[in-house]
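Written below as structure tokens is the structure these notes are about.
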Amino acid sequence: MRSERAGLGLRIAAAGGLLYLHLPIAFILLYAFTTEDKSYQFPPPGLTLKWFAVAWNRQDIWDALWLSVEVALVATALAILLGTLAAAALWRARFFGRDAITLLIVLPIALPGIITGIALRSTFGLLDIPFSFWTIVTGHATFCIVVVYNNAIARLRRTSPSLLEAAMDLGADGFQTFRWVLLPNLATALLAGGMLAFALSFDEVIVTTFTAGQQTTLPIWMLSELVRPRQRPVTNVVAVFVIAVTFLPILLAYRLTRGTESMHGTGK
Amino acid sequence: MEGAVTVGVAAPSPSIRGRRAAMAEPAVRFLGVHRHFGEVRAVDGVDLEIAPGEFFSMLGPSGSGKTTCLRLIAGFEEPDAGEIHLLGRPMRGVPPYERRVNTVFQDYALFPHMNVLDNVGFGLRVKRVPRAERIRKAEAALALVKLAGLEDRRPAQLSGGQRQRVALARALVNEPEVLLLDEPLGALDLKLRQEMQSELKGLQRELGITFVYVTHDQEEALGMSDRVAVFNRGRIEQIGTPPEIYEHPRTAFVAGFVGISNIVDAEAAVRFTGERRPFSLRPERILLDPPAGAVDIETRGRITDIQYHGASTRLRLVLSDGLELVVERPNTEGTDGALAPGREIRLGWRRDAMRPLRETGR
């Protein structure tokens, strides 16, 4: 019989892989508490909570944070609306070019952010559109829509088309069918997609760099802090915060879609 | 409780019955209806009339157009040509939600995010029936299909048979003029199916609603229906009562699809009928070793195969001229050991057992 335990080599490799993935994050956490503010020396000479207080009192951090939150919220809302509509349109329709359109919708997330960024920047330049809150939102919406679309279309594919016919058969017009049958069926998928979209938008750097102009979102602020070091551990404090803000929605989204799988999976 | 149930759910009031009788309009009428999907003529010129209160079955193999006809009545499809009338009203352009018909879907199509009570009450909710009345009617409908007590369950927590009943209650609670059933028993096992057949028939008699029942199962159609339409390639081959369909099939297709039949072609028929016209001869109408005077036509054949079916035995015989016949022999006196493959035997049938068929090939 083969042993149930993996071989020693494999276990070391797995542990090494996990360390490689998560050790840097652990260091970010650690240096949020260091007493030394010029360079990262190991081990930290001492631990303190004062950088949390410093970060709390920095107006530039708050400004960047609010901009990021607002952008993420608006981009997510836009993505839920457009992503759902796109999914609904491509779910049952059979028309020439359908596969091409599906590809076009999904492409922005496969495309390197730098391509999306340059493309948007030159488009804004050509059309003489000044950088604003809305140019950032537009940039983020390109990939947020994909996340929502993917979640929505996956749920729709598991939904029997006769469900909508049944609603109509029972007297529901188009809007009532949408409101009482289609939307509740999609709800958890949209919530999950929305949270993923929010997380993606909240920590986006590359596309933002090309579409933000002089505005500073939180990730951009962090990038600039690294270049010009000033109270270095403050950046780590913000990083800890970003980890929390993006990790929780993703975890929640995962749990949400997993929990409903069994229920929607039983078609008959 | 029984009385309350029938009042609460879908029993047509005397005035409705009266109106129906006075108008004498068929519940459903097809006038030269066509529905094509690209090159496929799913429905290829169908005319029919279904009387109010009738249990009407559409029987045919898959792809014969029966389900499309049902969807045309429900309004999920519009005819490319021809007209459909429901109780005398032309239905062209009327969306499904404005037709007084309800459907029991093949896959039940229960709303997975609602419990049983909300599923059944859905039609009333859309019509803005007050909550208390909605619940009362939904509960009555559930009692009617013997599901009282399962109101809070989700569809995923029900068995196939229970889901079927919820789908039925959800349709019946709206008191439709016509109830459309799309192979509703197809997914159930044999025993449950037979149970539901008699229950459905009982419900239909009790409520007096017109049932239009789509099935590919000829036994189901014969056993439940007032009349049956046999579909083949988008057309109706024959409409009639179950005995008419079974005993007087007009085409080889009907004779072969509904039950088993010996279809004797025009050439071979001359010898028995003196006419060059094919006929159908049901296996149970052929007698082996017939007593004198019991049959009009007598011949001899050799047994080639014997299949024991419990209540009856099915034999395959070949006549001296090469004609093959299937014979169904009831095992009323136990099995007959004398029957064995290779044995020569006398057989015969009465003249009226031979049912002339319309020349095939249209």
Side-chain angles (χ1 to χ4, degrees), chain A residues 80 84 87-88 91-98 151-194 255-268, chain B residues 37-38 67 70-71 73-77 94-114 118-129 138 154-160 163-164 166-167 169-176 178-180 182 186-188:
Chain A
I80 287 178
T84 309
W91 172 33
R92 294 185 63 191
R94 296 278 175 277
F95 54 88
F96 178 75
R98 177 174 177 273
N151 271 272
I153 197 94
R155 176 66 51 84
L156 284 174
R157 288 203 179 115
R158 289 203 305 269
T159 304
S160 163
S162 60
L163 226 51
L164 304 187
E165 284 182 353
M168 293 227 173
D169 186 73
L170 293 165
D173 59 28
F175 178 75
Q176 289 168 320
T177 302
F178 174 76
R179 172 69 192 77
W180 285 333
V181 176
L182 193 56
L183 201 57
N185 261 302
L186 280 179
T188 50
L190 292 185
L191 197 57
R255 295 187 74 95
L256 267 177
T257 41
R258 191 191 52 180
T260 54
E261 213 79 351
S262 56
M263 205 185 89
H264 293 275
T266 52
K268 282 200 171 180
Chain B
F37 301 108
T67 296
L70 199 77
R71 293 173 57 81
I73 302 174
F76 303 136
E77 307 279 351
V94 179
Y97 50 88
E98 283 171 15
R99 300 187 183 200
R100 295 229 35 205
V101 301
N102 287 111
T103 308
V104 176
F105 290 83
Q106 192 170 10
D107 64 356
Y108 314 141
L110 301 179
F111 305 125
H113 59 287
M114 296 180 195
D118 288 343
N119 260 286
V120 175
F122 185 84
L124 303 173
R125 181 169 156 205
V126 216
K127 280 180 219 106
R128 309 199 185 287
V129 173
R154 293 278 175 133
Q157 297 168 295
L158 300 177
S159 71
R163 286 181 211 180
Q164 215 280 316
V166 175
R170 186 177 67 172
L172 285 174
V173 79
N174 303 292
E175 308 183 18
V178 180
L179 184 72
L180 308 174
D182 186 7
L188 305 181

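Heavy atoms only: backbone and side chains are in, while hydrogens, waters and symmetry mates are out. Throughout, a chain's letter reflects where its sequence line sits, starting with A, and its residues are numbered from 1. Everything quoted here is computed from the prediction, not taken from an experiment.
There is no contact between B/Leu124 and chain A, counting heavy-atom distances below 4.5 Å. With a 4.5 angstrom heavy-atom cutoff, B/Arg100 does not touch chain A via any of its atoms. Proximity to chain A (any heavy atom under 4.5 Å) is shown, for B/Phe111, by both the backbone and the side chain. With a 4.5 Å cut-off on non-hydrogen atoms, A/Ala167 touches chain B through its backbone and its side chain both.
Chosen from B/Gln157, B/Glu98, B/Arg170, the residue pairing most often with chain A at heavy-atom distances under 4.5 Å is B/Arg170.
Looking only at distances, a side-chain donor or acceptor of B/His113 sits under 3.5 Å from a matching main-chain atom of A/Trp180.
The two residues B/Val126 and A/Ala172 have their closest heavy-atom pair at CG1-CA, 3.4 Å. Closest approach of B/Asp107 to A/Ser160, counting heavy atoms only: OD2-OG, 2.9 Å. Minimum interatomic distance between A/Asp169 and B/Thr103 (heavy atoms only, all atoms of both residues): OD2-N, 2.6 Å.
Note that CD of A/Gln176 and NZ of B/Lys127 are 10.5 Å apart. Values are rounded to the nearest 0.5 Å. Atom OH of B/Tyr97 sits about 8.5 Å away from atom OG1 of A/Thr177, to the nearest 0.5 Å. To the nearest 0.5 Å, atom CG of residue A/Leu164 and atom CZ of residue B/Phe76 are 10.0 Å apart.
Within the 4.5 Å cutoff, side-chain heavy atoms of B/Pro112 are placed close to those of A/Leu163.
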